[in-house]
There are 2 protein chains.
Amino acid sequence: MERSFRCLPEMNKYTEVKKKGFSSRDVASMAGVSQATVSRVMNRPDCVKEETRIRVMQAMERLHYQPNLIARSLVMNSTRTIGLISGNLTNVFFVETTDSIENYVKGQGYKTIIYFEKEEVKLKDIVDSLISQKVDGILLSSIKLNDPIFEGIKRCGIPYVFFNRRPGEEGNYVVLDNELAGQMATSHLLNLGHERIAYISGKLDISTFHERKIGFEKAMRMAGKRILDGLVHFVNPDEGVIGEITGRLMSLQAPPTAILCATDALALSCMDTLMSHGLDVPGDVSLVGIDDTKLSSHQAIQLTSVGHHGFRMGQLAAGILIDLIESGCRPHQDRQIILPPKLVIRKTSGQIRLKK
Amino acid sequence: MERSFRCLPEMNKYTEVKKKGFSSRDVASMAGVSQATVSRVMNRPDCVKEETRIRVMQAMERLHYQPNLIARSLVMNSTRTIGLISGNLTNVFFVETTDSIENYVKGQGYKTIIYFEKEEVKLKDIVDSLISQKVDGILLSSIKLNDPIFEGIKRCGIPYVFFNRRPGEEGNYVVLDNELAGQMATSHLLNLGHERIAYISGKLDISTFHERKIGFEKAMRMAGKRILDGLVHFVNPDEGVIGEITGRLMSLQAPPTAILCATDALALSCMDTLMSHGLDVPGDVSLVGIDDTKLSSHQAIQLTSVGHHGFRMGQLAAGILIDLIESGCRPHQDRQIILPPKLVIRKTSGQIRLKK
DNA sequence: CTGAAAGCGCTTACAG
DNA sequence: CTGAAAGCGCTTACAG
């Protein structure tokens, strides 16, 4: 558009688009009643005389009338929508939570707007967008430790629940006891005789990874084992560098006899690389994940893992959120659930073997 | 609530809920301008005097103002939202499409409302809900052959694209050449010397399954092989009966030497059962899927499959939808893409072995 | 460059 | 039981 035109009345690109449907006013005039009555037929049918109600309903049918929920939301100040900001679906764990969350909230009569986190998109923008969209509540796994956005969420007063990750000790959340999970996974490997244990994790600005690492360190310390420098890696899981790291680990002079991955998703990538290098798991190296996703129990995978069903975590978080939404008042106490992890020993972890 | 009260003015449960935020009117009065000017600062900043604009923006900051998109949508008649009705995430294929769709439309400035199909929830209700919510377009994989809802979608005039499944020959869609895919998968097994081929599929009221079955039959016919009665099953994939079917197939007097599953998801379930029965794939029985999901290429799975990357299908469909939305006019020709399938031979299919 | 006014499609007190 | 009216928070033609 030319500069000189920029302040002319803008062409309304919607002008020529036909109306998207009929309004309650159209129904009203067809039925010979007021708009208020049409509204009542939808919301409080008991309060409308049967004869009138039938006439209105016939008009609705004839016009294929669909109420405009946007308009309703505006007056009701409620959208019956929750916003879900989730980790990417390339991580199986979030597949489980996304599925269970959508199903749960749908059952409660809510819709779900989803966002999958992405490097380029700032969390703040997503949250702002959700606030602007007037969602009734926000469910988010994508939060960093001490993320300043947490303040913004609290300030605006919109109900929220974190799941899987949390910004700190405060707030509403449902998480795994990650420290314990890390500890249990490590102890399992120690019990099998491993000492040279590699640890592959996501970045430590995320609570999950921060806490699991502490658990790992704690277990090693308690067993009196040293954590070996080149064996510990904190990477960005999205970048697909797991293959490279794994390759490097295994071509070390003294490669690890076991690898603990901070998530099942990482372990799966790791396993993929190990196997494509012709290595046997657990023959050549043991492998353990954390999260215990369903996929890990597949007979072809059989990944030893520690976790607490993801679908349950999603459902719990969604349940709390809806509770928060419907109770209306802002409770004075944060709602916090820390789930106990469970170790599930499968086929990827085995007794250490002596170097041939 | 007592019957006698039912027509009393309803307690407005929103009455006591504090406003969800500030409005442009609040900003206006703080900045000492009219609401119209605040609106202009957001939408056509060039048309506002710099001094005024700065004053308004400061007021916005101070109030942490977030525009109410609900109100804007109402006047603009556009929500910048698309509705996605997807198959369940328990099917890996839909994990890939969901992920790519959300990412693509987000990049185009649209939000995504998702629904995962579910036995209990009727498609019509979901579509109606989406129409009521005034989404700008609908993307759906969940459609049955000749589904009457297709008429409703066309009538209401909302842009739509089907992906993976289609209601028939008509409409906008992006699908795999399913018949060819079925044929290629079958031919592959025939070429390996298999004749006793089992076929496990979803119900035939879904185009994908209908067409893939035709491909299967065609390949068998062209090879002059008979399709054996007890070896063909059309089941509801959600019900987890795959295990049972697989078990029954393999305990037949003359079990199949190969199993073709109509989707990778089915093949994965099938493999799980086969392995848990101690059977070797492909030693005891070959296994082939259709969709070629990423998971199939994992070293621990290595499922032979035929397909066309799911993420591409999702992205193509989303691209067409947004094109349809933004072009505004209803094109006279349907937009249809039929993707060519590719056979990827991995480790689950092998030469037939003679019965010991 | 800016404001007053109308309108998007609903809902709900208020009267009758 | 029903209608007229006001209002939710925006946007935009129309005046000035």
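For clarity, every value in this text was computed on a predicted model and none was experimentally measured. In what follows, every chain begins at residue 1, and chains take the letters A, B, ... in the order their sequences are listed.
For the pair R25(B) CZ and dC10(D) P, the interatomic distance rounds to 9 Å; values are reported in whole Å. Atom pair L63(A):CG and dG9(C):P shows a separation of 14 Å (rounding to whole Å applied). Between the CD atom of Q66(A) and the C1' atom of dC10(C) there is a distance of 15 Å, rounded to whole Å. As a whole-Å value, the separation of Q133(A) CD from dC10(D) C1' is 15 Å. When the P atom of dC10(D) is taken as reference, atom CG of N43(B) falls 11 Å away, rounded to whole Å. If you measure from atom CZ of F22(A) to atom C1' of dC8(C), you get 17 Å, rounded to the nearest angstrom. Distance, L69(B) CG to dC10(D) P: 9 Å, rounded to whole Å.
Considering only residues two or more places apart in sequence or on other chains, Q315(A) meets the side chain to side chain contact (heavy atoms under 4.5 Å, CB included) condition with Y104(A). Residues forming a side chain to side chain contact (heavy atoms under 4.5 Å, CB included) with N43(A) (at least two apart in sequence, or on another chain): S39(A), R72(A). Residues forming a side chain to side chain contact (heavy atoms under 4.5 Å, CB included) with S29(B) (at least two apart in sequence, or on another chain): none.
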If you look only at distance, which donor and acceptor atoms sit under 3.5 Å apart when one is on a side chain in residues 155-166 of chain A and the other is two or more places apart or in another chain?
{"from": "R155(A)", "atom 1": "NH1", "to": "H64(B)", "atom 2": "ND1", "distance (Å)": "3.4"}
{"from": "Y160(A)", "atom 1": "OH", "to": "N172(A)", "atom 2": "N", "distance (Å)": "3.3"}
{"from": "R165(A)", "atom 1": "NH1", "to": "E117(A)", "atom 2": "OE2", "distance (Å)": "3.3"}
{"from": "R166(A)", "atom 1": "NE", "to": "E211(A)", "atom 2": "OE2", "distance (Å)": "3.0"}
{"from": "R166(A)", "atom 1": "NH1", "to": "Y173(A)", "atom 2": "OH", "distance (Å)": "2.8"}
{"from": "R166(A)", "atom 1": "NH2", "to": "E211(A)", "atom 2": "OE2", "distance (Å)": "3.0"}

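The salt bridge (Lys or Arg N to Asp or Glu O under 4.0 Å) analysis of residues 53-67 of chain B, with sequence neighbours excluded, yields the pairs E51(B)-R55(B). Sorted by first and then second residue, the salt bridge (Lys or Arg N to Asp or Glu O under 4.0 Å) pairs involving residues 98-116 of chain B (not counting sequence neighbours) are E102(B)-K106(B). Annotation: salt bridge (Lys or Arg N to Asp or Glu O under 4.0 Å) contacts involving residues 27-36 of chain B, sequence neighbours excluded, are absent.
Along DNA chain D, the nucleotide nearest to M42(B) and the one nearest to L74(A) differ in position, and the one closer to the 5' end is contacted by L74(A).
Around atom CE of M30(B), more than 12 heavy atoms belonging to other residues, nucleotides or ligands sit under 6.0 Å away.
Checking the phosphate oxygens (OP1, OP2) of dT11(D), a side-chain nitrogen or oxygen of S39(B) falls inside 4.0 Å. Of the side-chain N and O atoms in Y65(B), none sit less than 4.0 angstrom from OP1 or OP2 of dG9(D). Here N68(B) does not reach the OP1 or OP2 of dC10(D): none of its side-chain N or O atoms lies under 4.0 Å away. Neither OP1 nor OP2 of dC8(C) sits under 4.0 Å from any side-chain N or O of N77(B). Proximity of R72(B) to the phosphate of dT11(D): a side-chain N or O atom is located under 4.0 Å from OP1 or OP2. Contact between the side-chain N/O atoms of S24(B) and the OP1/OP2 oxygens of dG9(D) is not found at any separation under 4.0 Å.
For M76(A), the side-chain atoms get nearest to dT11(C) when compared with the rest of dT11(C), dC10(D), dG9(C).
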Heteroatom pairs (N/O) under 3.5 angstrom, protein to nucleotides 2-4 of chain C:
{"from": "dT2(C)", "atom 1": "OP1", "to": "T52(B)", "atom 2": "OG1", "distance (Å)": "2.2"}
{"from": "dT2(C)", "atom 1": "OP2", "to": "K49(B)", "atom 2": "N", "distance (Å)": "3.0"}
{"from": "dG3(C)", "atom 1": "OP2", "to": "S34(B)", "atom 2": "N", "distance (Å)": "3.0"}
{"from": "dG3(C)", "atom 1": "OP2", "to": "S34(B)", "atom 2": "OG", "distance (Å)": "3.1"}
{"from": "dG3(C)", "atom 1": "OP2", "to": "T37(B)", "atom 2": "OG1", "distance (Å)": "2.6"}
{"from": "dG3(C)", "atom 1": "N7", "to": "R40(B)", "atom 2": "NH1", "distance (Å)": "3.4"}
{"from": "dG3(C)", "atom 1": "N7", "to": "R40(B)", "atom 2": "NH2", "distance (Å)": "3.3"}
{"from": "dG3(C)", "atom 1": "O6", "to": "R40(B)", "atom 2": "NH2", "distance (Å)": "2.4"}

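Geometrically, K154(A) engages F150(A) in a cation-pi contact defined by less than 6.0 Å to the ring centre and at most 45° from the axis.
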Toss me the dot-bracket line for DNA chain D: Watson-Crick and G-U wobble, both under 3.5 Å, 5' to 3', using | for pairs to another strand and [ ] for crossers. |||.||||||||.|||
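Nucleotides dG9(C) and dA13(C), compared at atom P, are 23 Å apart to the nearest Å.
Looking only at distances, a side-chain donor or acceptor of T98(B) sits under 3.5 Å from a matching main-chain atom of F94(B).
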